[in-house]
There are 2 protein chains.
Amino acid sequence: MSSSDSNENRNQAVELLQQLGLKEYEAKCFVALSRVPEATAKEISESSEVPRTRVYDAVRILEAQGLVEVQHGNPQLFRAVPVEEAISTLRDQYESRFDTLKDAIEDLDRPAESDSDSVHEVWSLSGTTAIANRTQQLVENTSDELFLLVGHESLVTDDLMGSLSEATDRGVSVIVGTEDQSVRDAIRERVPRAEVFVSKLDWLNTSSDPDDADEVRIGRVLLGDNSTILVSSIDPTTSKERAVYGRGFSNGLVVIVRRLMATGLIRSDDPAKRGGDE
Amino acid sequence: MSSSDSNENRNQAVELLQQLGLKEYEAKCFVALSRVPEATAKEISESSEVPRTRVYDAVRILEAQGLVEVQHGNPQLFRAVPVEEAISTLRDQYESRFDTLKDAIEDLDRPAESDSDSVHEVWSLSGTTAIANRTQQLVENTSDELFLLVGHESLVTDDLMGSLSEATDRGVSVIVGTEDQSVRDAIRERVPRAEVFVSKLDWLNTSSDPDDADEVRIGRVLLGDNSTILVSSIDPTTSKERAVYGRGFSNGLVVIVRRLMATGLIRSDDPAKRGGDE
DNA sequence: GCTTGTGTGATTAACTGGGTTACAAGGATA
DNA sequence: TATCCTTGTAACCCAGTTAATCACACAAGC
């Protein structure tokens with residue numbers, strides 16, 4: 001069929017619109033309208049699988065949200081607002097929500113950050129964006145020495161390199177290891193004062209349990225000021241990223257990684273796979 | 001009670017989070033967690049009105065979204081991600097949705113904008129943000145002459161003045177009328193090359209039908225290049241803004257407004273209140 | 001009159017999400 | 001060891017929402 005690849009986009013658009021708060025019918029109607037200059041309820045129904053009698057409700061809501069225009073008459077004509085306008089209308093809505101939400105949460109009784117060294121606390125969090133944000137945060141809070149190991153190129157975002165660069169600017173000694181040649185080059189260019197080296201990471205993946213050994217791949221390892229650690233892995237089936245995170249000089253996880261580094265295990269290229277221990 | 005004003009914020013935060021796609025339980029749990037450094041399921045339940053047995057589900061989802069961290073153990077400890085991180089995680093999600101949505105819609109079969117003068121077509125749309133966006137759009141597309149009448153100060157946003165300023169920069173003669181002194185001053189400063197005058201707008205409200213005469217108040221009137229018109233009104237009960245919009249030199253609505261302006265009805269300050277004044 | 005197409009409203013079915021209960025596992029205490 | 005309490009998982013029910021269908025009023029054209 002002619003619109004075969006367009007079909008892909010249609011479904012994607014419908015789904016995204018639903019995630020943005022529209023109902024199924026509303027989303028379908030809007031997408032249908034976005035494909036033609038204008039249409040009647042009947043036409044919308046035919047090209048959108050939405051029952052005709054329900055097109056009116058859906059479109060009315062869309063109109064109230066500022067996503068379609070109506071020409072009253074018989075029959076009524078409907079028209080989708082241009083993409084840029086639609087997006088920017090939606091974006092405005094959400095931006096204002098973000099702003100007031102931030103204020104509202106900040107005005108709550110404060111967490112008062114239990115700051116002490118948090119001896120053996122290890123926290124876990126998931127989701128690449130969340131982990132990326134936390135990484136960012138940690139880099140920004142490093143004052144002295146930063147060690148970073150990245151297992152996959154896609155995790156080295158522009159923002160991250162920006163923060164790394166800022167870190168070196170304020171005198172932090174930044175050391176980055178990765179397997180990927182292009183990433184190393186990119187970092188050398190964006191963060192010239194960082195020390196970059198090659199790392200294979202295999203030793204991490206095949207260390208403890210041979211069964212699910214190559215099931216998960218390492219995402220990132222970050223050690224800041226010898227006292228804050230973040231290690232993330234990526235589940236290859238779901239490609240979901242999960243991370244553990246600990247802080248405090250005497251934190252168990254921190255101690256282990258510091259030890260590993262001190263013995264040169266991490267930085268050396270082929271670290272003799274120090275066998276069944278862990 | 002001590003947290004009386006904090007209560008306000010709590011509810012607001014919960015509502016906003018729900019609007020951002022979280023379920024009630026999830027929102028409440030997150031807010032509860034945001035008020036303390038960390039908490040167990042039991043504690044969350046007590047301070048959030050969420051049944052304890054359901055805290056786990058909610059928190060698990062929050063964790064998957066990167067909004068809370070978990071410390072595994074017995075009992076499990078939960079902790080909300082810092083505000084900045086949370087907001088920025090959410091914002092990232094939505095931004096990426098907006099982007100892909102835009103692409104998806106743009107890749108659909110195009111509207112092909114029925115461009116001709118569209119003789120008597122009049123379209124209506126609603127919602128202040130949508131109308132503001134459309135206004136913006138129209139100002140940007142004006143090449144020659146722009147006439148703008150605003151009935152309420154809040155409608156003159158910073159963005160709008162920016163576009164007006166750009167318009168004058170590219171040689172468009174901009175004429176703005178409003179009743180509000182401060183708005184006139186603001187515009188004179190931000191858009192020095194615009195012509196600003198006083199307008200009462202009463203004549204519009206009380207013109208045709210004496211019954212619902214003072215029911216609605218005029219929002220804005222915009223005439224671009226003598227061929228594009230937008231008129232909006234604000235329902236005082238719902239304070240919802242609705243607009244009609246027409247284009248084409250010979251469009252009925254356009255012709256009327258042009259005529260009105262030619263006879264000086266709009267620009268004169270005290271226009272002899274044609275009809276049953278009030 | 002009849003027919004066709006448009007718009008409104010009511011009605012039913014399916015689903016989602018809130019609220020509750022049951023219960024297994026693991027410590028702590030006696 | 002037996003018992004009690006807490007924690008965590010899972011299943012369930014109920015209600016409100018939303019998808020889907022149906023009935024009908026109205027207007028225009030034949």
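In what follows, chains carry the letters A, B, and so on, assigned in the order in which the sequence lines appear, proteins first and then strands, with residues in each chain numbered from 1.
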**OP:** List in chain and number order the residues that pass side-chain contact (heavy atoms from CB on, under 4.5 Å) with A:Thr129, two or more places apart in sequence or in another chain; answer none if no residue qualifies.
**Re:** B:Thr89
Original post:
Rounding to a whole Å, what distance do you find between A:Asp57:CG and C:dG9:C1'?
Top reply: 9 Å
Original post:
Partners of B:Gln12 by side-chain contact (heavy atoms from CB on, under 4.5 Å), sequence neighbours excluded?
Top reply: A:Thr100, A:Ala104, B:Asn9, B:Leu16
Subject >> Closest contact, heavy atoms only, B:Leu125 versus A:Val68 >> reply: CB-O, 4.1 Å
Original post:
Listed by chain and number, what are the side chain to side chain donor-acceptor pair (under 3.5 Å) partners of B:Ser227, not counting sequence neighbours?
Top reply: none
Subject >> Residues that A:Glu95 engages under salt bridge (charged side-chain N to carboxylate O under 4.0 Å, His left out), provided they are two or more places apart >> reply: B:Arg91
Got a list of protein N/O to nucleotides 22-30 of chain D N/O distances below 3.5 Å?
unit_1	atom_1	unit_2	atom_2	d
D:dC22	N4	A:Thr53	OG1	3.1

Original post:
With a 4.0 Å cut-off on heavy atoms, is A:Pro75 in touch with a base, just the backbone sugar-phosphate, or nothing at all?
Top reply: sugar-phosphate
Subject >> By side-chain contact (heavy atoms from CB on, under 4.5 Å) - contacts of B:Lys23 (at least two apart) >> reply: B:Glu26
Identify all pairs in which a protein N or O lies below 3.5 Å from an N or O of nucleotides 14-17 of chain C, and state each distance.
unit_1	atom_1	unit_2	atom_2	d
C:dG17	OP1	B:Lys23	NZ	2.3

**OP:** With the side chain of A:Lys42 defined as its heavy atoms from C-beta on, choose the nearest nucleotide among C:dT6, C:dA10, C:dG7.
**Re:** C:dT6
Original post:
Reckon A:Tyr25 has a side-chain N or O less than 4.0 Å from the OP1 or OP2 of D:dA19?
Top reply: no
Identify all side-chain donor-acceptor contacts of residues 40-49 of chain A below 3.5 Å with residues at least two apart in sequence or on another chain.
unit_1	atom_1	unit_2	atom_2	d
A:Thr40	OG1	A:Lys42	N	3.4
A:Thr40	OG1	A:Glu43	N	3.3
A:Glu43	OE1	A:Thr40	N	2.8
A:Ser45	OG	A:Val50	O	2.9
A:Ser45	OG	A:Arg52	N	3.3
A:Ser48	OG	A:Ile44	O	2.6
A:Ser48	OG	A:Val50	N	3.3

**OP:** Could you pick out which residue, B:Ala41 or B:Arg54, lies toward the 5' side of DNA chain D when each is mapped onto its nearest nucleotide?
**Re:** B:Ala41
**OP:** Please identify each residue that fulfils side chain to side chain donor-acceptor pair (under 3.5 Å) with A:Gln65, with sequence neighbours left out.
**Re:** none
